[in-house]
Amino acid sequence: MKILVINSGSSSIKYQLFDMTAALVLASGLIERIGEPQALHRHIDRQGGVEETERKHAIATHRDGLLEIGKVLRESGTIHDLSELSAIGHRVVHGGEYFREPTLIDNEVVGRIREMIPLAPLHNPANLMGIEVALQAAPDIPQVAVFDTAFHQSIPQHAWRYALPEKLYSEQHVRRYGFHGTSHHYVAKQAAQQLGKPLSSLNLITLHLGNGASAAAISQGRSVDTSMGMTPLEGLIMGTRCGDIDPAIHFYLGREAGLSNEEVETLLNKESGLKGICGSNDMREVHRLADAGDERARLALEMYCYRIRKYIGAYYAVLGHLDAVVFTGGIGENDARTRAQSCAGMTALGIDIDSEKNSHRGEGAFAINSDASAVSILVIPTDEELEIALQTVACIEEES
Ligand code: AMP
């Protein structure tokens with residue numbers, strides 16, 4: 001059973017082709033700079049070894065990009081014809097309140113995803129472009145939309161409502177939606193496997209720490225709170241996003257610094273977070289600067305980990321009982337110092353890292369808690385593409 005997963009961005013298309021029967025990735029790739037004079041297409045063929053090829057030429061539109069992906073897959077012999085695909089799974093960032101689970105795409109679904117554009121003006125149009133081109137290229141193959149927001153639709157109202165006038169919710173759809181749901185769900189399932197217990201019996205705090213970052217409180221397999229809000233700006237400190245701040249800062253900047261709404265939006269999304277504090281949004285560079293004595297980089301690390309600690313404490317209280325804290329994402333998976341500092345001082349809460357286990361580097365999931373720690377602390381590599389493929393299979397099997 002072959003499943004193609006497509007993650008279509010504003011000027012890029014990421015893809016992975018899975019053989020779900022053999023549990024293998026057959027090929028993967030990324031096209032960047034669509035619409036620019038020279039696009040870059042990196043393709044990795046994984047049939048019997050890893051063979052990487054790079055093509056640089058103009059790719060004017062997403063349609064051209066997807067046609068090229070089909071051509072490369074055929075030329076490398078990975079598939080002979082698109083009709084060999086059992087389904088195509090598409091990442092869609094915002095499903096609003098309407099989409100609570102992966103959904104087989106038809107014209108009505110396309111229309112609903114289009115209706116969500118005001119909630120995700122940068123992402124949903126790009127996701128839709130991928131869907132529309134794929135529907136044209138392969139009209140007979142089932143296509144499934146997998147939403148970043150869907151996993152968090154189980155959050156109770158007292159956690160997703162903002163303390164704002166009711167009509168902002170009922171008329172303008174202002175509420176917490178949460179993001180990174182595919183990743184939080186995937187690592188929660190992996191954590192259950194790692195702990196040898198059913199997910200429905202576990203309470204978890206999952207920390208997706210990448211360039212974007214979010215925390216989720218997961219009770220018996222269901223998300224009950226998450227740190228990102230109506231947009232991905234709220235919550236943890238991120239590479240370039242500020243996370244939680246006093247909303248009145250926005251008005252102050254307008255009044256006192258003369259900044260427009262658009263300027264404040266750019267400032268908070270693209271020039272804040274680690275980058276705003278110390279000049280770099282790359283955690284490896286932040287460590288390098290801090291190790292060289294840069295005080296701003298040290299402060300950035302302290303602030304970053306302090307914010308995570310606050311969320312762990314808050315979500316521990318939300319859950320009442322905690323079985324495991326899970327670290328994932330580029331920083332969560334690779335940065336032992338961030339993990340240690342984020343869990344520091346929590347021994348009395350039963351959260352205790354073993355520094356030797358924490359310094360382990362290797363493939364796959366591993367535990368980093370001490371033997372005395374009541375709470376398991378796990379490092380689990382996320383795999384959003386695989387989760388989209390798994391959910392795509394579940395969706396088409398349910399429909400048939
Ligand atoms: P992601 O968005 O999940 O790809 O994560 C990107 C972030 O992970 C960047 O801030 C990287 O600096 C960070 N990262 C990747 N590898 C490491 C590492 N070995 N140590 C610390 N941070 C890392």
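All residue numbers in this chain count up from 1 along the given sequence. Start at 1 and go down the list; that is how both ligands and their atoms are numbered.
- Looking at heavy atoms from C-beta onward, I131 lies in side-chain contact with V92 at the 4.5 angstrom threshold.
- The aromatic rings of H43 and Y15 sit parallel, their planes meeting at an angle under 30°, below the 60° perpendicular limit.
- The aromatic rings of W160 and Y169 are tilted relative to each other, their planes meeting at an angle between 30° and 60°.
- Of all protein heavy atoms, the one lying nearest to atom 9 (C) of ligand 1 is M283 N, 4.0 Å.
- Judged by a 6.0 Å distance limit and a 45° cone about the ring axis, R307 is not positioned over the six-membered ring of Y311.
- Nearest protein neighbour of atom 12 (O) of ligand 1, counting heavy atoms only, is D282 OD1, 2.5 Å.
- Given atom 20 (N) of ligand 1, the protein heavy atom at minimum distance is R284 CG, 3.7 Å.
- Of the polar atoms of G210, none of the N or O atoms is found under 3.5 Å from an N or O of ligand 1, judged by distance alone.
- In terms of protein heavy atoms, atom 14 (N) of ligand 1 is closest to G330 O, 3.6 Å.
- Between E68 and K71 there is no salt bridge, since no side-chain N of the basic residue sits under 4.0 Å from a carboxylate O of the acidic one.
- Atom numbering of ligand 1 starts at 1 in the shown order; those under 4.0 Å from a heavy atom of N211 are 1 (P), 2 (O), 5 (O), 6 (C).
- Atoms of ligand 1 lying under 4.0 Å from at least one heavy atom of N281, given by number and element, are 10 (O).
- Using the six-membered ring where Trp is involved, F151 and H185 have ring planes that are parallel, under 30° apart on the 30 and 60° scheme.
- Shown in contact with I331 at under 4.0 Å from a heavy atom are these atoms of ligand 1, numbered in order with element: 7 (C), 8 (O), 10 (O), 13 (C).
- The presence of a protein heavy atom under 4.0 Å from atom 2 (O) of ligand 1 is confirmed.
- Looking only at heavy atoms of the protein, atom 18 (C) of ligand 1 is closest to N334 CB, 3.4 Å.
- In the hydrophobic clustering of this structure, L274 groups with L209; members are Ile, Leu, Val, Met, Phe, Trp, Tyr whose side-chain heavy atoms approach within less than 4.5 Å, directly or through other members.
- Between H208 and ligand 1, no pair of N/O atoms sits closer than 3.5 Å.
- Residues H208 and S214 have side chains that never bring a donor and an acceptor to within less than 3.5 angstrom of each other.
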